[in-house]
Structures are given as structure tokens and as C-alpha cells.
Amino acid sequence: DGGITQSPKYLFRKEGQNVTLSCEQNLNHDAMYWYRQDPGQGLRLIYYSQIVNDFQKGDIAEGYSVSREKKESFPLTVTSAQKNPTAFYLCASTRTPLDEAFFGQGTRLTVV
Amino acid sequence: RKEVEQDPGPFNVPEGATVAFNCTYSNSASQSFFWYRQDCRKEPKLLMSVYSSGNEDGRFTAQLNRASQYISLLIRDSKLSDSATYLCVVNTFSGNTGKLIFGQGTTLQVKP
């Protein structure tokens with residue numbers, strides 16, 4: 001079955017450590033996105049990528065980094081510079097920039 | 001001003017009621033529009049796309065007003081299972097870059 005896989009589902013890290021969240025899709029979609037969601041809030045765009053080896057900052061990119069070396073993969077690194085990293089992270093992809101988004105199941109990151 | 005704005009609610013309605021949500025967007029170059037449903041602690045899932053001519057899917061009707069830059073979602077004959085957060089999504093495409101922006105969501109609670 002085609003879809004988007006995020007791993008892990010739950011992640012615990014100590015403050016000051018970098019952590020990388022995985023996002024893989026086998027939908028052959030060109031565009032991929034990372035969002036952050038805090039309790040009771042909407043989704044805020046962190047980074048997005050339309051093609052391999054190219055990506056753009058979203059509204060809250062500070063403290064995060066991404067790479068897009070392969071079409072199917074768009075990992076997100078939460079660095080120690082991110083002041084409040086505990087949140088629900090969602091990865092999405094679209095076939096073209098104007099199509100509907102498909103989401104992974106998300107990763108809940110807790111930094112202690 | 002946020003790019004996509006929704007009334008967060010909550011909207012508390014009895015079963016069988018009709019309820020309407022509105023969403024406004026600020027970028028007149030926005031080109032595609034969607035409503036998503038998100039259940040607690042889950043990823044968002046596409047409810048319906050929104051077209052200029054309006055579209056209907058069972059008890060759900062979506063409308064787009066480009067002149068006033070808002071989209072709406074109407075739910076008729078509300079069911080208990082409709083309780084969720086409804087997210088308005090706007091996609092703006094410029095050059096070869098598309099950006100998918102979410103509203104903060106409107107919470108619906110349908111009561112017996």
C-alpha cells in the first residue's frame with residue numbers, strides 16, 4: 001500500500017540533544033512538508049520541498065534543519081537551538097504543489 | 001494577520017443540527033483549497049476539496065468565494081461521529097513553489 005511513514009511514533013530526548021525524525025513516502029509525490037502542532041493549536045509549517053535537493057523555510061524554521069537527497073525521503077532534524085521542541089510533528093506530501101496533502105501518522109517528541 | 005484564519009470555537013451543537021464554519025485567507029494568489037478533519041491526537045485527513053462552483057459530499061457542502069477570500073463548510077444533520085477539529089487549508093503556488101498553509105482549526109462537539 002502506498003503511503004507516508006513517519007518514525008518513530010514516540011520519541012523522548014534529553015534537552016540539548018539533536019534528534020532526527022524520519023519521513024518516507026512511496027507515493028511518488030514531488031512535494032513534501034514538515035509541520036509542528038502544539039496542543040490546541042493548528043499546524044505550523046517548518047520546511048517544505050518541491051523537488052530533490054531543494055527546500056524552503058516555512059514560518060517556524062529556526063532550530064530545525066532538513067535534507068531532500070531522495071524524492072521519497074525528507075528527514076527533519078530538531079537541533080538544540082530549538083527552544084521548545086516538545087510537540088507533535090507531522091510530515092505530508094503532495095503529488096504536485098496544488099494537490100491535496102497526505103499525512104504520516106506523526107511523531108510525538110518529548111524533550112526532558 | 002495570519003495567512004489563513006478560522007474561528008477556533010468550540011462549536012457545541014445537538015445531534016441533527018446544521019453547523020457552518022468559515023475560513024478567510026489573505027493571499028489572493030491562492031489556488032487550491034481544502035477542508036481536513038483531525039481527530040484528537042491523530043493526523044489530519046482530507047474531508048473534501050473546495051471548488052469555485054461549490055461541491056457537496058453527502059451531508060457536507062463546501063463553498064469558495066474568491067472575491068471575498070473565504071471558504072465555508074456546511075454540515076447538515078450532525079452526527080456524534082462528526083465531533084472533531086476541522087482544518088481549512090490553502091495552497092498558494094508561485095513560480096515552481098507551492099506552500100500549503102493550515103488554519104488553526106475549528107472544534108466541533110456534537111452532543112446527544
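Just so it is clear: chains get the letters A, B, ... in the order the sequence lines come, proteins before strands, and each one is counted from 1. Keep in mind it's a predicted model, so treat the numbers as computed, not measured.
Taking OH of A:Tyr33 as the start and CD1 of B:Ile101 as the end, the distance is 9.0 Å to the nearest 0.5 Å. For the atom pair OG (B:Ser49) and CG (A:Leu98), the distance works out to 11.5 Å, reported to the nearest 0.5 Å. Separation of atoms CD (A:Gln41) and OG1 (B:Thr85) is listed at 11.0 Å; rounding is to 0.5 Å. For the atom pair A:Asp99 CG and B:Phe34 CZ, the distance stands at 6.5 Å (nearest 0.5 Å).
Interface remark: A:Arg108 contributes side-chain atoms only to the contact with chain B (heavy atom separation under 4.5 Å). Proximity to chain B (any heavy atom under 4.5 Å) is shown, for A:Ser49, by neither the backbone nor the side chain. A:Leu90 touches chain B through its side chain: at least one heavy atom from C-beta onward sits under 4.5 Å away, while N, CA, C and O do not. Looking at A:Ala101, the atoms closer than 4.5 Å to chain B (heavy atoms on both sides) sit in the backbone and in the side chain alike. Both the backbone and the side chain of B:Leu100 come within less than 4.5 Å of a heavy atom of chain A.
Most heavy-atom pairs under 4.5 Å with chain B: of the set A:Gly104, A:Ala31, A:Pro39, A:Gly40, this distinction falls to A:Gly104. Heavy-atom pairs under 4.5 Å with chain A were tallied for B:Arg41, B:Lys45, B:Gln104; the largest tally goes to B:Arg41. Ranked by non-hydrogen atom pairs under 4.5 Å with chain A, the options B:Gln6, B:Gln38, B:Gln31 are led by B:Gln38.
A:Leu45 and B:Val89 fall within a single hydrophobic cluster, where Ile, Leu, Val, Met, Phe, Trp and Tyr are joined by side-chain heavy atoms under 4.5 Å apart, directly or via other members. Following chains of ILVMFWY side-chain contacts shorter than 4.5 Å, one cannot reach B:Phe60 starting from B:Leu74, and the two form parts of different hydrophobic clusters. Hydrophobic clustering, with ILVMFWY side chains joined whenever heavy atoms are under 4.5 angstrom apart, keeps A:Val19 apart from A:Phe88. A:Phe103 and B:Val4 end up in the same hydrophobic cluster when Ile, Leu, Val, Met, Phe, Trp and Tyr side chains are linked at under 4.5 Å. Criterion: ILVMFWY side-chain heavy atoms under 4.5 Å apart, direct or through other members. Under it, B:Tyr70 and B:Phe33 are not part of a common hydrophobic cluster.
A 6.0 Å sphere centred on CD of A:Glu62 holds no more than 12 heavy atoms belonging to other residues, nucleotides or ligands.
Minimum interatomic distance between B:Gly98 and A:Pro97 (heavy atoms only, all atoms of both residues): CA-CB, 3.7 Å.
Taking 4.0 Å as the cut-off between side-chain N and carboxylate O, B:Lys99 and A:Asp59 count as a salt-bridged pair.
Between A:Leu43 and B:Pro44, some side-chain heavy-atom pair lies under the 4.5 Å cut-off.
When only modelled atom types and interatomic distance are considered, A:Gln6 and B:Glu43 share no side-chain donor-acceptor pair under 3.5 Å.
You'll find the ring centres of B:Tyr36 and A:Tyr35 outside the 6.0 Å limit.
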